[in-house]
Structures are given as C-alpha cells and as structure tokens.
Chemist: 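Sharing a structure below in structure tokens format, with a few things to ask.
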Amino acid sequence: MEALIGSLICVGGGALLLLVLFMVMYNSLIAKKNQVDYAFSGIDVQLKKRHDLIPNLVATVRQYMEHERGLLERITELRARAVSPNLPEGERMQVEAALSTALRSLMIAVENYPNLKANENFLHLQASLNEIEEQLAAARRAYNAAVTDYNNAIEMFPTNFVASMMGLSRRAVFEATEEERATPDVAQLFKR
Amino acid sequence: MSAPTGDLNQFYREQLEPILRALEEERQQKTQRFGQITLFSILFGGLFTLILAGFSPQLGWLAFLPLGIALLVILISYGAMASEWSHQFKWRVLTRLVKFVSPELEYHPQRFISEKEFRQSLLFQRDPDRYRGEDLIEGRVGQTALRLSEVHAEYKTEHYDSKGNRYTTWHTLFRGLFIIADFNKHFSGMTLVLPDVEEQLLGWLGQTLQSWSAKLGMQPGELVKLEDPVFERAFKVYSTDQIEARYILTPSLMERILRFRERTRSEIRLAFIASRLYVAIPTTHDYFEAPSLFAPVGELLKLETIGKYLEELRFALSVVEELNLNTRIWTKR
C-alpha cells in the first residue's frame with residue numbers, strides 16, 4: 001500500500017513538473033511571438049511617417065527639379081499604392097522597397113540642384129527623411145532580432161516540441177534587396 | 001573635431017614661451033626657497049635636539065621633538081608650494097592650451113563633473129560613498145556641446161573583527177575620464193553599453209543570465225541583442241526601448257565604439273540617456289597634471305612637455321570625432 005502511494009506521489013510530482021515546464025515554455029514562446037508582432041508594428045509606424053512626409057517633399061522639390069518629373073511621378077504613384085488599404089501584405093513590402101529606392105535616387109539627384117539645397121524648407125524635409133530612414137533601419141533590425149530569437153526558440157531543444165504542438169512556424173527576416181545593397185551609381189545620375 | 005586654430009609652433013613662441021619662462025623662474029625660486037627652509041629647519045631642529053639631549057638626558061626620546069617639528073615644517077611647506085605650483089601651471093598654461101585647441105572650450109582646474117550627473121549616467125550599479133574630481137573642460141567641439149573631467153568615485157565596505165572593531169575598506173568604483181556630450185540624435189529613453197564579462201566567460205549561457213538579470217530588475221531596461229558579433233562579445237547592451245537602442249547603435253556607431261575601445265585600451269562604458277551621451281573611460285593615468293616642482297632645469301620649456309598636454313587634451317576630446325557626433329543630418333541640430 002505504502003509503495004503504491006509513494007509511486008503515485010512520484011508520478012503526480014513528475015506530471016506536475018512537466019506541466020509547469022510546459023507552461024513556462026508555452027508562455028515564453030507566446031511572448032517571443034508577440035515580440036515579433038510588436039517589432040513589426042515599429043516598422044509600420046515609420047512607414048506611415050514616411051507616407052505623410054512624401055507629399056510635402058514632392059511639392060517642395062517639384063518647382064526646382066524640372067528634369068526629374070518622371071521620378072517624382074513614380075514616387076507619388078508608389079506612395080498612393082502603399083497607402084491603399086486593399087494591398088496584399090507581400091506586395092506591400094515590395095512597394096515600400098521600391099519607394100525606398102526611388103527616394104534614395106531623388107536624394108542623389110538633389111545634388112544637381114544647388115538652389116534646392118539652399119532652401120530651408122527642403123533642408124528640414126531632408127533631415128526628417130534621414131531621420132525616418134534611420135528609424136526604419138532600426139525598426140527593421142529590431143524586427144530581425146525578435147524574429148531570430150523566435151526562430152531559435154522554435155528550432156531549439158526542448159522548446160521545439162512545444163512550438164510544433166502550438167503550430168508555430170518560422171518567420172522570415174528582412175533582407176536588403178539587391179537594389180538597396182548596391183551602392184548608387186552617382187556618376188550615372190550626373191550624366192543624364 | 002575642430003582643428004586647432006593655428007600653428008602650434010607659432011602659438012608656442014608667441015603666447016606660451018613668455019609664460020613658461022616666467023613660470024620656470026618662479027619654479028626655480030620656489031625650489032631655492034624650499035631648499036633654504038629645509039636647511040634651516042634641519043639645522044635648528046638638530047641644534048635644539050642636541051641642546052635638549054645634552055642638558056637634560058632624562059628626556060630620552062622626547063629630545064627629538066624639535067627635529068620632528070622641523071620635518072613637519074618641511075612637509076607642510078612642500079605641500080603648500082606644490083599645490084600653489086600646480087595651480088599656477090594649470091591657470092596660466094593649461095587654460096591657454098585649451099583655448100588653443102578650441103576657442104569654444106573653457107578649462108576649470110578645480111571643478112569637475114558633479115556626483116549627481118555621475119549617478120544619473122546609471123553606468124555603475126552602486127552609488128559612490130566618496131566622490132572627487134578635477135580638471136573640468138566644458139564648451140563645444142564643432143556642433144557638439146560637451147563637459148568632461150577627471151573623476152574618482154569610491155565605495156566602502158565595513159567589516160568587524162572578532163573583537164568587534166570596525167574596519168572600513170575603500171574600493172575604487174571608477175577612476176578616469178568622465179565625459180558628457182550632447183548626442184546627435186533625439187531620443188527619450190535609456191540605453192546602456194557596458195563591458196560584457198559574462199558572455200566572454202560563459203558564451204550564450206552568459207547572455208541568458210544577462211537577459212534574466214534584466215527581467216528580474218537587477219538591470220534597468222531589457223537586454224538588447226545586436227547583430228555585430230564582435231560588438232556583442234565586447235559589450236552588453238540594456239535599453240528601455242529595443243528600436244531606440246538600434247536607432248542609436250547603428251552598425252557604423254557600433255564599429256566606431258569598438259575602435260574607440262581599442263584606442264583607449266580600457267573597458268569603456270557608454271550611456272545614452274535623454275539625448276545625452278555619457279562616456280566613462282577608466283584609467284590610472286593622471287590627466288592634465290602639472291610637471292613636478294623638482295623637474296630638471298629647462299624641462300618646462302621643452303616643446304615636448306607641452307606636446308604631452310596637447311596629446312592628452314586631444315585624446316579626451318577625440319570622443320566627438322571618434323563617435324561622429326558632429327554629423328547632424330537628422331532632425332537634431
């Protein structure tokens with residue numbers, strides 16, 4: 001009888017321990033998953049700020065940059081697509097990447113317009129854009145760090161068992177696109 | 001960093017040399033006077049001792065009292081002269097040298113970064129019980145406002161022996177250069193960059209411990225894991241905001257901090273709090289110290305002597321250039 005009680009206590013204690021372990025792992029995985037979503041919203045905030053800035057920027061530079069009409073129209077169009085509510089998530093990031101590239105080209109093209117570079121309003125907008133791009137880069141890196149943390153938890157022993165039970169799957173990190181990685185060819189821009 | 005405004009040789013000839021000559025003369029007078037004081041003290045002290053010992057041998061060791069007083073006089077007069085000398089040198093030479101490096105800088109030999117500011121940096125886990133400092137330099141380097149000084153912060157521990165006697169031991173919390181500079185970006189939170197001992201010893205387990213210590217409230221903020229593996233091995237980063245920490249610590253700034261650490265050859269600590277940067281560079285070297293009162297004749301007038309101070313000054317101010325604080329392309333001007 002006593003042996004039976006003893007083994008029952010052992011089994012019960014073991015089960016309780018397993019339950020607690022499961023709970024800890026479950027909660028830490030949820031926390032990591034939420035961290036990823038939170039970090040993603042950090043990117044979103046900066047993208048929205050950039051959307052707000054663009055009309056102002058385009059309006060300011062338009063009167064100076066006669067030869068960049070095409071580029072400015074492209075930026076306006078990309079922005080309109082980026083803010084439209086019924087854009088699929090995957091496509092949205094592509095549009096934003098294209099917008100980043102177009103804005104970078106614009107900032108290089110500015111070098112051809114000394115009058116513009118003396119405009120106080122433009123300088124302010126340029127600083128704001130630099131600020132947003134810097135914040136955006138930081139938000140992306142924070143997102144990538146959160147995703148790496150999450151992916152590690154999903155693939156590492158023993159949390160990987162709990163993660164597969166919860167149906168969690170790997171998330172992809174942000175990677176710089178080919179265009180972003182390449183250094184802009186400034187000489188090419190000046191030839192136009 | 002703004003380049004020195006003129007040629008060192010010209011500045012030396014026109015401004016420093018006359019002052020240095022006068023100082024050198026004063027120094028020689030001082031050492032001469034000190035020699036006289038020493039001679040007379042010993043002579044009189046010795047004489048009285050001999051007289052006392054001769055006339056009343058029952059005095060024993062007490063007969064040496066006059067000699068003791070003589071030694072005390074020598075010590076006190078040395079202390080007074082050395083501090084007067086150091087004061088004169090700093091006021092007349094170093095203030096000009098600081099102005100030469102940048103006209104926008106001021107030098108205050110006796111002032112220092114306040115204990116309050118030292119505590120505000122959150123760079124050290126405990127508060128100092130004794131706090132001293134000197135050689136405050138403040139002003140602007142380019143667009144960056146900064147203040148720096150030497151600081152010596154200590155804390156004490158007390159223990160009792162078996163008889164109940166209390167012993168107090170003082171430990172150095174930090175000794176070296178403490179710099180507060182205006183950072184080139186706006187931020188409202190707090191980010192700490194501290195030397196990483198745990199990870200160097202324990203690898204990923206160390207990182208897990210750090211993460212837990214932040215969660216348990218032993219460190220303010222939460223652990224920030226950064227991408228640069230070299231930086232991660234050298235430093236641990238805690239911040240109140242994961243995104244803000246990365247906004248401040250860009251890949252290029254991380255590289256610059258690593259380079260600055262190599263240059264200082266010490267375990268530097270950095271705090272970014274409310275748009276300000278706090279840097280603690282531990283060193284046992286005494287910066288901006290006057291040359292010895294008993295330096296060889298002419299030593300003071302050598303260009304190398306001045307060059308040494310200039311080098312120390314430029315090193316202390318190099319943080320602005322090394323960490324690229326004058327780049328103002330973001331919204332903060």
Side-chain angles (χ1 to χ4, degrees), chain A residues 24 27-28 31-32 34-47 49-50 53 57 104 107 110 117 120-153 156-157 159 173-176 180-181, chain B residues 143 183-191 193 199 203-205 207-212 214-216 221-229 231-232 235-256 272 275 323-333:
Chain A
V24 168
N27 286 347
S28 92
K32 288 192 164 73
N34 288 343
Q35 185 67 42
V36 171
D37 294 335
Y38 174 70
F40 190 79
S41 72
I43 300 177
D44 236 20
V45 169
Q46 297 307 324
L47 289 177
K49 274 194 194 167
R50 194 164 75 172
L53 181 85
L57 183 69
R104 227 187 324 275
M107 284 304 145
V110 159
K117 283 174 71 190
E120 198 55 41
N121 193 18
F122 169 74
L123 288 178
H124 178 70
L125 286 166
Q126 190 183 35
S128 302
L129 185 64
N130 280 341
E131 176 84 31
I132 292 171
E133 294 291 350
E134 193 84 346
Q135 293 276 13
L136 197 54
R140 284 199 176 133
R141 287 166 57 219
Y143 176 78
N144 282 354
V147 168
T148 307
D149 219 25
Y150 168 82
N151 284 348
N152 281 347
M156 275 180 175
F157 177 82
T159 35
V173 293
F174 264 105
E175 278 171 65
E180 281 176 313
R181 227 174 286 156
Chain B
Q143 292 190 71
F183 197 62
N184 54 0
K185 291 174 178 174
H186 277 300
F187 51 86
S188 52
M190 175 222 72
T191 299
V193 178
E199 207 175 327
W204 67 270
L205 191 65
Q207 203 178 46
T208 312
L209 286 177
Q210 286 161 6
S211 168
W212 277 101
K215 278 178 189 151
L216 295 173
E222 48 186 303
L223 186 71
V224 179
K225 294 178 194 168
L226 294 160
E227 312 90 321
D228 187 335
F231 188 85
E232 264 300 317
F235 296 106
K236 54 182 174 183
V237 178
Y238 293 97
S239 178
T240 48
D241 185 333
Q242 292 276 346
I243 294 175
E244 195 176 85
R246 289 175 176 89
Y247 170 64
I248 297 164
L249 295 167
T250 59
S252 92
L253 187 67
M254 286 196 272
E255 230 166 82
R256 283 170 178 275
F272 300 85
S275 298
L323 302 186
N324 205 16
L325 299 182
N326 274 333
T327 300
R328 304 272 165 159
I329 59 168
W330 299 282
T331 44
K332 187 166 173 187
R333 292 277 146 175

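Lettering of chains follows the sequences in order, A, B, ..., and the numbering in each one begins at 1. Source: prediction; values computed, not measured.
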Chemist: Where is the tightest heavy-atom contact between A/Ala145 and B/Arg246, given as atom of each residue plus distance?
Modeler: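 In terms of heavy atoms, the two residues are closest at CB-NH2, 3.0 Å.
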Chemist: Can you tell me how far apart NZ (B/Lys225) and CG (A/Asn152) are? Round to the nearest 0.5 Å.
Modeler: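 B/Lys225 NZ to A/Asn152 CG: 7.5 Å, rounded to 0.5 Å.
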Chemist: Which pair of non-hydrogen atoms, one from A/Glu134 and one from B/Thr250, has the smallest distance, and what is that distance?
Modeler: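 The answer is OE2-CG2, 3.1 Å.
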Chemist: Determine the option with the most heavy-atom pairs under 4.5 angstrom with chain B, choosing from A/Gln35, A/Glu131, A/His124.
Modeler: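 Most pairs with chain B among the choices: A/Glu131.
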Chemist: Considering only heavy atoms and a distance below 4.5 Å, find which of A/Ala139, A/Ala142, A/Ala39 pairs most often with chain B.
Modeler: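 The option with the most such pairs is A/Ala142.
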Chemist: Sort B/Leu226 into side chain, backbone, both or neither according to what part of it lies under 4.5 angstrom from a heavy atom of chain A.
Modeler: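 The answer is the side chain of B/Leu226.
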Chemist: By a 4.5 Å heavy-atom criterion (distance strictly below it), what part of A/Asp149 contacts chain B: side chain, backbone, both, or neither?
Modeler: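 Contact with chain B: side chain only.
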Chemist: Heavy-atom distance under 4.5 Å between the side chains of A/Gln126 and B/Ile329, does that happen here?
Modeler: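 Result no, sub-4.5 Å side-chain heavy-atom pair not found.
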Chemist: For chain A, which of B/Lys332, B/Glu227, B/His186, B/Lys185 has the most heavy-atom pairs under 4.5 Å?
Modeler: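 Counting heavy-atom pairs under 4.5 Å, the top option is B/Glu227.
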